[in-house]
Amino acid sequence: MVYPQASQEVVLKLKAGDIIPVPTRAISWWYNDGDSELVVVFLGETSKAYVPGEFTYFLLAGAQGILGGFSTEFNSRAYNLKAEKLAKSQAGVLLIKLPDGQKMPQPCKNSTDKMVYNIDAASPDFHVQNAGLLTSLTEKKFPFIGEVGLSAILVKLEGNAMSSPVYATDSSVRVIYVAKGSGRIQVVGINGASVLDTKLKAGHLCVVPRFFVASTIADGEGMEYLSMITATQPLFGDFTGETSVWGALSPQVIQASLNLTPEFEQVFRAKIKKSTILVPQD
């Protein structure tokens, strides 16, 4: 990767579970030096893209590269050489297969430690027996992620476990990518409308708009998903557990709001205090 104003590229070693921010204006190349398939999921903020909502690819080389758009005369003058071969030799677009024996630069461990964060190996923020774990990644833990204005949450649910309803109180948007397993998600929007109730499986991606509430339940095999959030220090509101908004309200307000008897309100409040963000199978 070549960062803005840098005079030399930085080569980083990546493995499963790694998160690497790619700031705006950075130039990057990606190479699989192993024998197995490498899957890289690109998630980012696109509101300022050339076409809002889509990634804007700025390609230096290949059939859609910048060099190919200029005439031979302009390229020759700019680089002081005969530029036909420079601009036209690479016919591939975005993904190319290197010839056998071609070498690529080796990664720098010091740079990798500073600029890559493995969320799989991090200590979870919540770990509930028989339910799963939740690990957050913010600018406080990994300052470099602040360069892209995002944060992340990794949720690993065991078989038939649940992630309780939660919403972002700071108007941020969540993009959820399912890495393993399968399950179900429900999203509730403004005015209590159900906007999504669907099955999820590995490779699926969905968006939770600002102020919408989402909850997931894993199938028997469990489910693992990563949420990217459009804030460096996101704030969430919970409906269960010690920080539940229901637990903060007075008994009289809950009784009136939900039209409950005092006895049922006491049961409801007791259940809230014993509940957790991650819920095991019944």
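- Once rounded to the nearest 0.5 Å, the distance linking CE of Met228 with CD1 of Ile176 reads 12.5 Å.
- Here the side chains of Val213 and Val187 are not in contact, with every heavy-atom distance at 4.5 Å or above.
- The OG1 atom of Thr276 lies 10.5 Å from the CG atom of Asp238; values are rounded to the nearest 0.5 Å.
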Show every donor-acceptor pair shorter than 3.5 Å between a side-chain atom in residues 216-226 and any protein atom, with sequence neighbours excluded, or say none if there are none.
from, atom 1, to, atom 2, distance (Å)
Thr216, OG1, Tyr225, OH, 2.9
Asp219, OD1, Lys199, NZ, 3.2
Asp219, OD2, Ser182, OG, 2.7
Asp219, OD2, Lys199, NZ, 2.3
Glu221, OE2, Ser182, OG, 2.7

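- Taking 4.5 Å as the limit, some side-chain heavy atom of Leu43 sits within range of a side-chain heavy atom of Leu205.
- Annotation for Ala179 and Ala202: closest pair O-CB, 3.7 Å, computed over non-hydrogen atoms.
- Looking at every heavy atom in both residues, Gly241 comes nearest to Ser275 through N-OG, 2.8 Å.
- Enclosure of atom CG in Asp197 by more than 12 non-hydrogen atoms of other residues, nucleotides or ligands within 6.0 angstrom is indicated.
- Judged as a salt bridge (charged side-chain N to carboxylate O under 4.0 Å, His left out), and not counting sequence neighbours, the contacts of Arg269 are Glu265.
- Of the possible donor and acceptor atoms, one in the side chain of Asp170 sits under 3.5 Å from a partner among the backbone N and O of Ser172.
- Taken from CD in Gln266 to OG1 in Thr261, the straight-line distance is 8.5 Å, to the nearest 0.5 Å.
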Task: Pair Ile145-Tyr117, side chain to side chain contact (heavy atoms under 4.5 Å, CB included): steps then yes or no - done: CA-CA 9 Å; Ile145 201 171; Tyr117 190 96; over 6 Å; no
With a cut-off of 3.5 Å and sequence neighbours excluded, list every side-chain donor-acceptor pair involving residues 12-23.
from, atom 1, to, atom 2, distance (Å)
Lys13, NZ, Asp33, OD2, 3.3
Asp18, OD1, Asn118, ND2, 2.8
Asp18, OD2, Lys15, N, 2.7

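- A single hydrophobic cluster is not seen to contain both Phe142 and Val155; linkage of ILVMFWY side chains at heavy-atom distances under 4.5 Å, directly or through other members, places them apart.
- For CD of Gln102, the number of neighbouring non-hydrogen atoms (other residues, nucleotides, ligands) closer than 6.0 Å is greater than 12.
- Val40 and Leu137 end up in the same hydrophobic cluster when Ile, Leu, Val, Met, Phe, Trp and Tyr side chains are linked at under 4.5 Å.
- Residues Arg174 and Val166 meet the side-chain proximity criterion, which asks for heavy atoms closer than 4.5 Å.
- Counted within 6.0 Å of OH on Tyr50, heavy atoms from surrounding residues, nucleotides or ligands total 12 or fewer; the atom is thus considered open.
- With sequence neighbours left out, the ring pair (Phe, Tyr, Trp, His ring centres under 6.0 Å) criterion links Phe144 to Tyr3.
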Open item on the list: Assess the residue pair Leu196 and Phe212 against the criterion (side chain to side chain contact (heavy atoms under 4.5 Å, CB included)); give the C-alpha distance rounded to whole Å, side-chain angles, the decisive distance to 0.1 Å, and a yes or no.
Closed with: CA-CA 11 Å; Leu196 184 65; Phe212 282 36; over 6 Å; no
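- Phe42 and Val2 fall into different hydrophobic clusters, where Ile, Leu, Val, Met, Phe, Trp and Tyr are joined by side-chain heavy atoms under 4.5 Å apart, directly or via other members.
- Looking at every heavy atom in both residues, Pro165 comes nearest to Met162 through CD-CE, 4.2 Å.
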Donor-acceptor contacts under 3.5 Å from residues 245-256 side chains, at least two apart:
from, atom 1, to, atom 2, distance (Å)
Ser250, OG, Val253, N, 3.4

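- If you take CG on Leu157 and CG on Leu134, they are separated by 9.0 Å, rounding to the nearest 0.5 Å.
- More than 12 heavy atoms of other residues, nucleotides or ligands shown are found within 6.0 angstrom of CD on Glu9.
- Closest heavy-atom contact between Thr135 and Ala122: CG2-CB, 4.0 Å.
- Taken together through direct or relayed side-chain contacts under 4.5 Å among Ile, Leu, Val, Met, Phe, Trp and Tyr, Leu60 and Phe70 form part of one hydrophobic cluster.
- Going from atom CG of Asn130 over to atom CD of Gln281 covers 9.0 Å, rounded to the nearest 0.5 Å.
- Shown here for Ile277 and Thr240, the closest heavy-atom pair between the two residues is CA-OG1, 4.2 Å.
- Considering only heavy atoms from C-beta on, Val267 stays 4.5 Å or farther from Glu263 through its side chain.
- You'll find the side chain of Leu258 stays beyond 4.5 Å of the side chain of Phe264, heavy atoms only.
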- [ ] Please assess Leu98 against Met104 for the test side chain to side chain contact (heavy atoms under 4.5 Å, CB included), listing each intermediate value before the final yes or no.
- [x] CA-CA 10 Å; Leu98 297 186; Met104 295 294 285; 3.8 Å; yes
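- Side-chain contact check for Gln186 versus Ser194: every heavy-atom pair is 4.5 Å or farther apart.
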TODO: List the steps, then state whether side chain to side chain contact (heavy atoms under 4.5 Å, CB included) holds for Thr232 with Ser151.
DONE: CA-CA 5 Å; Thr232 55; Ser151 56; 5.7 Å; no
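- Under the 3.5 Å distance criterion, the side-chain polar atoms of Asn75 are left unmatched by any main-chain donor or acceptor of Tyr79.
- Checking side-chain atoms of Ser164 against main-chain N and O of Phe239 turns up no donor-acceptor pair under 3.5 Å.
- The shortest distance between side-chain heavy atoms of Tyr31 and Leu38 does not fall below 4.5 Å.
- The two atoms that bring Gln233 and Lys140 nearest to each other are NE2-N, 3.2 Å, heavy atoms only.
- Looking at Ser227, its side chain never comes within 3.5 Å of a backbone N or O of Val175 through a donor-acceptor pair.
- For the atom pair NZ (Lys88) and CD (Gln90), the distance works out to 13.0 Å, reported to the nearest 0.5 Å.
- Within the 4.5 Å cutoff, no side-chain heavy atoms of Cys108 are placed close to those of Val11.
- Taken together through direct or relayed side-chain contacts under 4.5 Å among Ile, Leu, Val, Met, Phe, Trp and Tyr, Val41 and Tyr57 form part of one hydrophobic cluster.
- Residues satisfying the salt bridge (charged side-chain N to carboxylate O under 4.0 Å, His left out) criterion with Lys201, sequence neighbours excluded, are absent altogether.
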